[in-house]
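Only one structure is covered here, and it is reproduced in the block below.
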Amino acid sequence: MSQTHNEPVPQVACRHLRHKGMYVYTDGLGSETHEGYDNTIFWCLKTMKSFGPDDDLVDRDGCCNRERSCYEPT
Amino acid sequence: MAEWPQNPRLISTEIPRVDGLGKASGRTKYPSDVHPEGMLFAAMLYSPHAHARIKKIDTSRAERIPGVRAIHLLAQEGATLRYQGDDIAAVAADTEEIARDGVRAIEVEYEVLPHVATESQAMAEGAPRVNPRGNVQKGRAQINGDPDAAIETADAVIEGEYSVPVITHVCLETHGLTVRWDSDRTITAWSSTQNVMGVSQELGGAFNIPPTNVTTLTEVMGGGFGSKFSADSWGIAAAELAKKTGKPVRLFLDRAQEHMAAGNRPSATGKIRLGAAKDGKLVAMIAQTHGTGGVARGAGFPLPYVYAVPHSRREHSDVFLNGGNARAMRAPGHPEGCCLMEAAMDDLAEKLGVDPLEMRLKNLPEGDFKTPIYEAEIRLGAEAIGWSKRKPRGQAEGRGPIRIGYGMGLHTWGGGGAQDKQVSCIINPDGSVELRSATQDIGTGARTILAIIAAEVLGLEVDQIHSNIGNSSFPPGQASGGSTTTPSMAPPALNAATQARDELFRRVGRAINEDPAGMSLAGGKLLINGKEAMSFAEACRKLGMMPISVTAGFSEGLTSSGVGGCQFAEVEVDLETGVVRVKKIVAVQDSGLILDMLTWRSQVYGGVIGGLNYALFEERVMDPTTGLFLNPDMELYKLAGASDIPEIEVIAYHTPEMRARGVIGVGEPPTISTAAAIGNAVSNAIGVRVPRWPMTPMNVLNALAQVS
Amino acid sequence: MRAFEYASPTSIADAVKALGGSGSSAALAGGTDLISRMKDDIVRPARVVYVKGIPELSGIRVEGSVVTLGAATRLVDLVQHAALAELAPAVRQAALEVGSPQIRNMATLGGNLCQRPCDWYFRNGFGLLGGRKQGRNLVRELEGEYAPIDVEETAHLVRDGDNRYAAIFMTDGDALYAHSSSLAPPLIALGATATLVGPDGERTVPVAELYRIPQSAGESELTLRPGELLTQVRFTAGPRNATYEVRQKQSHDWPLVLCSVALTMDGDRVSKASVVLGSVAPIPYRAEAAERAITGHVVSTETAEAAGQAAVEGAKPLSMNGYKVTLTRTAVKRALLAAVGQRYWEG
Amino acid sequence: MPSQDPRGRSGPSRRDFLRGSGVAAATAVLTAPAVDALDEARAAELAQGPPVLSGDTTITLQVNGQAREVVVEPRSTLLDTLRNRLDVTGPKRVCDRGSCGACTVILDGDPIYACTTLAVSCQGHAIETLESFDPEIVPAAFHRNDALMCGYCTPGFVTACKALLDKNPNPTLEDVRRGLDGNICRCGTYVGVLQAALDAAKALRKEA
């Protein structure tokens with residue numbers, strides 16, 4: 001199974017969202033979603049942890065939610 | 001654009017790493033060794049509880065300790081601490097002993113909250129929630145064909161539950177950095193990182209200064225394995241302390257916090273039904289899997305793995321619990337998927353009475369470019385291990401209480417390069433040559449690889465090239481992850497060296513009135529129309545006062561992605577103690593064009609030994625009652641020592657076809673299938689599946705007890 | 001590590017004076033266990049008395065069949081001593097398998113006999129009895145304070161927790177850790193005595209009596225009195241003896257189970273047997289049933305197996321460590337066969 | 001009892017101990033007359049028991065053949081003293097509990113873990129770290145055989161290897177394994193390390 005790194009993190013993601021793939025597979029903010037599984041591990045630059053300043057989980061979908069108190073656009 | 005040379009002089013030979021002697025003589029300074037003038041030592045206070053809220057923090061007693069210079073709180077009153085090791089405060093002091101006194105003197109009142117520390121606790125009905133949306137997060141079901149109908153048609157079906165535990169990276173140099181403010185808007189950070197540019201970005205961002213004002217220096221570093229990409233909370237804390245005190249600060253985690261907070265590989269458990277026809281051809285798989293990345297997601301892994309399964313359904317859940325968050329670890333997901341898949345494959349082969357090797361050959365995906373590679377590799381590996389000596393499960397030979405078993409596993413990885421990195425090649429008028437890029441060496445030999453390429457192109461020896469990396473202010477280089485460093489950096493290095501050489505020809509040609517088209521470099525000499533004209537140094541002197549400096553990037557054809565690989569294990573198991581001794585591992589690996597056979601082989605050995613640890617020893621043990629990590633050390637968290645290392649035979653699958661693929665990374669693939677192969681060898685030896693890794697006396701004897 | 005006072009006496013008398021000073025004190029020899037436990041904040045002596053500089057504490061003396069070992073003798077010296085290897089292979093083998101070359105160069109006989117249990121609940125600050133409770137609160141000694149963790153009143157950390165390395169014998173009480181000295185079993189099997197010097201003078205006790213099962217929180221598993229220093233160990237050589245250790249790693253690791261035997265022979269037959277197990281009970285465990293089983297017999301695979309079986313008959317393993325029953329059976333069998341030179345497992 | 005332990009016999013004399021060690025709460029380096037005065041003062045105290053140190057204490061360590069004066073606390077480990085105070089950073093801090101060997105130094109000829117050794121107890125003993133080794137022998141063998149990757153465990157392995165070869169210049173592979181069993185490498189360089197040790201032995205024999 002070859003890896004694909006082509007599923008972009010939605011452009012509306014909070015600008016404090018990070019995952020390893022953003023540093024490694026830099027051609028176009030590719031995520032680490034693979035065929036059939038996703039093991040991307042995110043952190044928030046505000047807390048440097050897997051939970052955001054609002055005590056909620058940092059992840060691909062959650063950090064696109066503009067309703068979150070900590071959300072900051074790009 | 002440049003191409004890899006057809007008949008290289010240095011490439012693919014065995015070249016000792018250029019920075020090896022400095023490391024082996026203790027002279028090279030790691031980020032945890034540097035000691036800038038006036039430096040303070042910092043230590044961390046971290047959560048002693050699996051789950052708690054901070055009711056009150058009082059630092060006044062700590063502040064009064066003579067020698068304590070500053071305290072920075074990472075968690076404020078009211079903050080939730082989600083695992084033992086979650087950080088609370090950092091203290092800077094004149095000595096490390098005093099910094100730890102300061103940590104002890106911080107008075108924290110905790111409201112201890114109910115925790116879930118094991119997967120069964122986290123998955124229980126009504127369990128305290130780690131993730132506000134629930135501890136069990138189901139992923140999208142992955143369905144291929146009609147598995148329910150198909151599995152009914154199989155001639156044999158096995159149903160097994162297999163699991164691998166959470167393990168941690170155990171970087172020998174713990175996470176941390178030494179940091180100095182050079183002005184109120186510029187920072188120098190000696191960081192133990194696999195991502196010098198990222199550390200500059202994250203530190204700059206935290207202090208609202210441009211990343212280019214933060215120089216991250218990582219001349220060498222003591223291991224990352226995927227866990228050292230971020231500046232991290234403690235890195236920011238160290239910079240805060242340095243800012244507060246006006247002095248450089250060194251902050252590295254202690255071993256316990258390193259285990260608890262600096263990353264881990266998620267666990268994996270799979271209930272797998274796998275069916276095949278009489279001849280061993282797979283028909284269907286139905287699998288429910290879960291795993292935990294602690295307080296983070298990320299426990300996904302590939303399944304089915306490697307083999308073509310015409311009909312499959314796989315449902316996966318990430319389980320959240322009060323343990324430190326996962327981080328990418330050497331081939332994220334693959335060792336887990338490989339163990340589970342290969343165990344099921346072996347069990348099914350046994351049930352069918354088919355040779356597991358034949359069964360694997362039968363189920364490689366048709367039409368995949370890797371299938372013929374696997375076929376060739378399996379042949380080589382089977383020969384090297386002596387697969388013909390293998391007896392069917394339950395009939396293993398041995399002596400006294402010892403049984404000998406054989407097992408195998410296959411793996412795959414990407415390992416292609418990023419296409420946006422750069423290398424500068426500088427040729428100075430004195431004949432010295434320097435390469436620069438903001439990448440770093442996490443132990444793979446990155447510096448050496450770049451030097452080999454430039455030396456090859458410039459007709460020089462490797463030690464004549466100054467390979468300068470580990471500095472974020474250099475042209476953008478690759479973060480070291482996903483086996484991408486070499487394939488990302490080799491193309492720009494080749495292009496930069498080639499363009500610098502061509503520029504040298506042009507300028508020397510102008511100076512001596514010769515046609516550059518007739519020039520070449522070999523053996524430290526400039527040749528004109530094949531005839532020695534002058535030494536390289538003399539040629540460089542023609543440059544006058546002005547060095548050549550070329551910065552180049554990626555070009556097509558120098559790298560590609562996608563490797564196979566297989567491993568075979570021979571083990572001896574003592575039936576009366578359950579102790580497993582691995583006697584031999586054969587690792588057959590392709591990775592395109594191999595630039596340095598010596599460091600390449602070291603990577604494969606290292607991958608195999610990492611896999612051996614996963615197979616036999618490693619396990620994070622969490623206590624259900626207290627939620628604490630019971631073995632955050634290097635003693636009860638067991639790792640192989642010299643006497644635990646078997647004979648390891650590494651076979652490079654390095655045919656002309658492979659070389660033509662260009663450079664592919666090798667950091668990750670060889671660590672993937674070792675634990676699967678050892679697990680299968682143990683089962684072959686003792687006649688029964690050991691469904692839980694690691695293969696400890698406890699797990700082996702428990703499996704034996706199940707059948708007797 | 002907390003600050004402490006430090007003294008480095010050069011005589012036993014001075015050491016005893018220093019140990020008997022005000023506040024808690026600890027004798028430091030090799031440091032391989034003590035320094036680590038001090039870093040863990042589990043042991044907090046106000047005064048550390050370094051005893052390795054006391055010449056009279058070190059050395060191996062063989063006089064006829066009487067062997068005297070100084071408490072500060074390094075394990076490496078036990079391993080390398082030719083006469084000791086001849087007379088007490090059980091001691092040599094146990095010492096050889098402790099830790100690593102570096103540890104054997106540092107660690108001492110006395111330090112090994114007096115080392116604290118290698119138990120992860122103990123090392124995490126919960127003491128030796130499975131956690132101390134106040135009502136429904138489990139209290140953990142942390143940085144000098146007690147932090148409550150809400151648990152069932154009947155909770156026992158080891159019984160309810162990860163007890164893979166814990167005791168399988170004497171498990172009715174609260175002390176469920178496994179005693180981890182490797183040198184205690186062979187010395188007990190050989191009938192060794194220990195000399196202790198303290199403020200009230202000198203006393204000699206069997207090595208087995210250095211240990212007890214703690215009954216209340218904070219009570220030590222060692223019977224040394226405050227200010228007392230273990231100075232030497234003595235035994236009379238004679239019986240055939242051997243140690244067999246089951247360890248997971250070949251390199252630096254702890255024994256999962258260790259068995260030492262000492263056999264007095266009458267011709268081919270065993271006339272008196274001593275079988276002592278380590279890492280299976282809160283104290284070094286004498287397997288009397290195994291001793292009875294082998295006494296009067298020629299040691300063979302069958303009789304050794306029967307002795308191994310007898311050894312485990314009283315075992316009451318916990319939820320996870322039933323496998324140690326198998327290991328114990330094997331260790332007894334192999335130690336007996338090793339004593340008569342039949343290492344069938346090495347084949 | 002006759003001593004088998006060379007360290008037991010060659011321990012510091014009482015006077016050396018006092019000169020080297022300073023006394024309780026003394027932070028300044030002691031001048032020679034002050035030491036003499038203290039000698040007398042302490043002589044009276046000996047009747048009460050040995051001197052007791054606490055707080056900052058000036059000691060002298062013999063590191064790589066040089067006498068190095070340094071202020072430590074009794075609790076300062078040899079490792080932290082070397083690394084943090086003397087800038088001898090070859091030995092590394094990894095497990096900090098005497099399990100991994102990265103901090104290995106040679107004390108009076110024997111490899112030991114510096115992380116579980118107190119600096120104050122090392123006065124009067126010879127401390128060797130790998131910085132003092134001939135780089136052409138053991139380090140060069142590690143380099144040639146690529147017996148290192150990230151290199152953080154390497155100083156400990158090199159030191160354990162040097163100590164092994166000093167005692168056994170002609171080791172078997174089994175001897176090498178056992179001699180290096182107190183060291184852990186996470187990158188997995190053991191294959192190269194074992195080769196390097198045998199290779200270094202060969203180089204040493206050639207030199208001899």
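The figures here come from the full heavy-atom set of this structure, side chains too, leaving out hydrogens, waters and symmetry mates. Because the structure is predicted, anything quoted here is derived from the model rather than measured. We name chains A, B, ... by the order of the sequence lines, and we start the count at 1 in each one.
Contacts from residues 12-20 of chain B to chain D, taken as heavy-atom pairs separated by less than 4.5 Å, involve B/P16, B/R17, B/G20 in sequence order. Scanning residues 634-641 of chain B against chain D with a 4.5 Å heavy-atom cutoff picks out B/M634, B/E635, B/Y637, B/L639, B/A640, B/G641, ordered by number.
Put simply, of B/G222, B/G610, B/S643, B/G445, the one with the most heavy-atom pairs under 4.5 Å next to chain D is B/S643.
Between D/K92 and B/L172, the closest side-chain pair of non-hydrogen atoms is not below 4.5 Å. In this structure, the side chains of D/T77 and B/E96 stay at 4.5 Å or more apart for every pair of heavy atoms. The closest side-chain heavy-atom distance from D/R186 to B/N613 is below 4.5 Å.
Side-chain atoms of B/Y30 come within 3.5 Å of backbone atoms of D/G151 as a donor-acceptor pair (strictly under, hydrogens ignored).
For B/D633, no part sits under 4.5 Å from any heavy atom of chain D, backbone or side chain.
Residues passing the ring-ring contact (aromatic ring centres under 6.0 Å, His included) test with D/Y190, sequence neighbours excluded: D/F157.
Evaluation of the side chain to side chain donor-acceptor pair (under 3.5 Å) test over residues 111-120 of chain D, restricted to residues two or more places apart or in two chains, returns C/S100-D/Y113.
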Using the rule given for salt bridge (charged side-chain N to carboxylate O under 4.0 Å, His left out), can you reason through D/R93 versus B/E258, listing the C-alpha separation, both sets of side-chain angles and the distance that settles it, and then say yes or no?
CA-CA 13 Å; D/R93 190 166 78 201; B/E258 175 76 16; over 6 Å; no
Hey, mind stepping through D/N84 and B/R250 against side-chain contact (heavy atoms from CB on, under 4.5 Å) and telling me if it holds?
CA-CA 10 Å; D/N84 294 349; B/R250 182 200 287 174; 3.1 Å; yes
